[in-house]
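Structure record follows, encoded as structure tokens.
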Amino acid sequence: MSSETAQLWGGRFATGPAPALAQLSRSVHFDWRLVPYDIAASRAHARVLHHAGVLEAGELSQLLSSLEELGKACETGEFTPTPTDEDVHTALERGLLERLGPLGGKLRAGRSRNDQIATELRLYLRDNARGAATRLVELCEALVGQSQRHVDVPAPGMTHLQHAQPVLFSHHLLAHVQAFLRDLARLQDWDVRAACCPLGAGALAGSSLPLNPEQVAAELGFDGACENSIDAVSDRDFAAEFLFITALIGVHLSRLGEEIVLWTSHEFGWITLDDAYATGSSIMPQKKNPDIAELARGKAGRLIGSLMSLLVTLKGLPLAYDRDLQEDKEPVFDAVDTMALVLPAMAGMVDTMTVNAGVLRAAAPAGYALATEVAEWLVRAGVPFRQAHEITGALVARCVERGLQLHELSDAELCDVSELLTPEVREVLTVSGAIAARTTVGSTGAEPVAAQLATVRKRLTAYQEWGTGAVPL
Ligand code: ARG
């Protein structure tokens, strides 16, 4: 090994690496963010090396304090990677050698960068899953807040982006929260599978030294050690699954983003964004654009791309470790960064937007949205739904022809459409009546929506607590 660089291999090579190889091989410019996890894993490894009799008590304490000091030096920027450091592990071993001389080289016993990187990426993602959950809970709370403030505001409910049936706006906002709650559940469930520790697997076969992988696992906050050393260093399911969850969060954000884009348009006018969460145009002074919502919509492409990129990298890889696996990090780092950018912006935008209740209320019955009420009124009078549907369809056609709303037809015209349409049908032709009639679990009536708000709140509090319990480092 050359003394100026801390290259972790080289004994059998007659020459150093070609510059093109070194450049291609280098990952320290992106894996540097794993420093705290590398330090934590090294400290745990040092302790088991001591128990295994590889390190004297004095050596252990020197290593532990140097690792701590090195971690701090990285944090302050006093210690940084050099151009010849291949990856985070190489750079930190150099840091130890600079501080401790040959003792710094003892820590490498019984471990490999293969089990190190697999461990550190899990640690990083377990922490950041909790970070993403916390940000997602904040967005949900913003949606719940708007939902609570507009609990009695009716709005057009759409299918095919056409007016379908009136709903409470609150119910619609909570539909987005339900999707995010499933994402939160997915993160928590993912964490259970991600909670096994690869350290101790070495390059792939485990170690001949009397290490204690269970002790390392416990110290790093894992539930236990991986059961198979070959799987431990080659498995990246945990990264792919994490990317699936962030891709799906991206898809859910894009649906909300798209709706906000529509709702802020002149044509809808349902909501107005706070100035702090909207942007202007460089040429059109009147413009107020929903860029956050559009960027959230756009970032879904990037998040899905990250998932695809990792899946394709993993496809067909022979066991155990292959260098291709170095390509696992940039997509997950990008997904974490994207979550950290988009979620707070969306939360702030949702929290501060003004809901134009009057516009929503006026639009709620438009497009003959109460026609289903007529059909169900006929059903309650004993008419088979097939016939009720036909009669109501004819009623709508008559209204379209006459340019009238359903309740505006005269008694004679109602009767002309069908004798079954007595003037009493007008009683069901109100938005408030239509909404109030929907009392079953999950419906848009005031009671089920209030019940939904209460359970959603409770579940969010639980996820909030989970999100703050980070992996102990
Ligand atoms: N930088 C490498 C990675 O991210 C670390 C493991 C390298 N292992 C090896 N055998 N070259 O995967």
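For clarity, every value in this text was computed on a predicted model and none was experimentally measured. When a residue number appears, it is its place in the shown sequence, counting from 1. Ligands are counted one by one from 1 in listed order, and the atoms in each one are counted from 1 as well.
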Rounded to the nearest 0.5 Å, what separation is found between the CZ atom of Arg135 and the CE atom of Met346?
15.5 Å
Could you give the distance from CG (Leu139) to CE (Met349), rounded to the nearest 0.5 Å?
8.5 Å
Does Lys329 approach ligand 1 within less than 4.0 angstrom via side chain, backbone, both or neither, non-hydrogen atoms only?
side chain
How long is the straight-line distance from CD1 of Ile435 back to OG of Ser443, given to the nearest 0.5 Å?
11.5 Å
Is the Trp263-His172 ring centre distance short of 6.0 angstrom?
yes
Where do Asp274 and Thr352 land on the side chain to side chain donor-acceptor pair (under 3.5 Å) test, with the steps shown first?
CA-CA 6 Å; Asp274 187 89; Thr352 55; 4.7 Å; no
Using distance alone, determine whether Asp87 and ligand 1 share an N or O pair under 3.5 Å.
yes
How close does the nearest protein non-hydrogen atom get to atom 3 (C) of ligand 1, and which residue and atom is it?
Tyr321 OH, 3.2 Å
I'd like to check which ligand 1 atoms, numbered from 1 as shown, lie under 4.0 Å from a non-hydrogen atom of Ser27.
1 (N)
Please could you name the atoms of ligand 1 that Gln326 approaches to less than 4.0 Å, counting only its heavy atoms?
1 (N), 2 (C), 3 (C), 4 (O), 12 (O)
N or O pair under 3.5 Å between Asp31 and ligand 1:
no
The protein heavy atom nearest to atom 11 (N) of ligand 1 is Arg113 NH2, 3.6 Å
Any side-chain to backbone donor/acceptor pair from Thr264 onto Thr272? Under 3.5 Å, distance only.
no
I want to know if ligand 1 touches Asn114 in the polar sense, i.e. an N/O pair below 3.5 angstrom.
yes
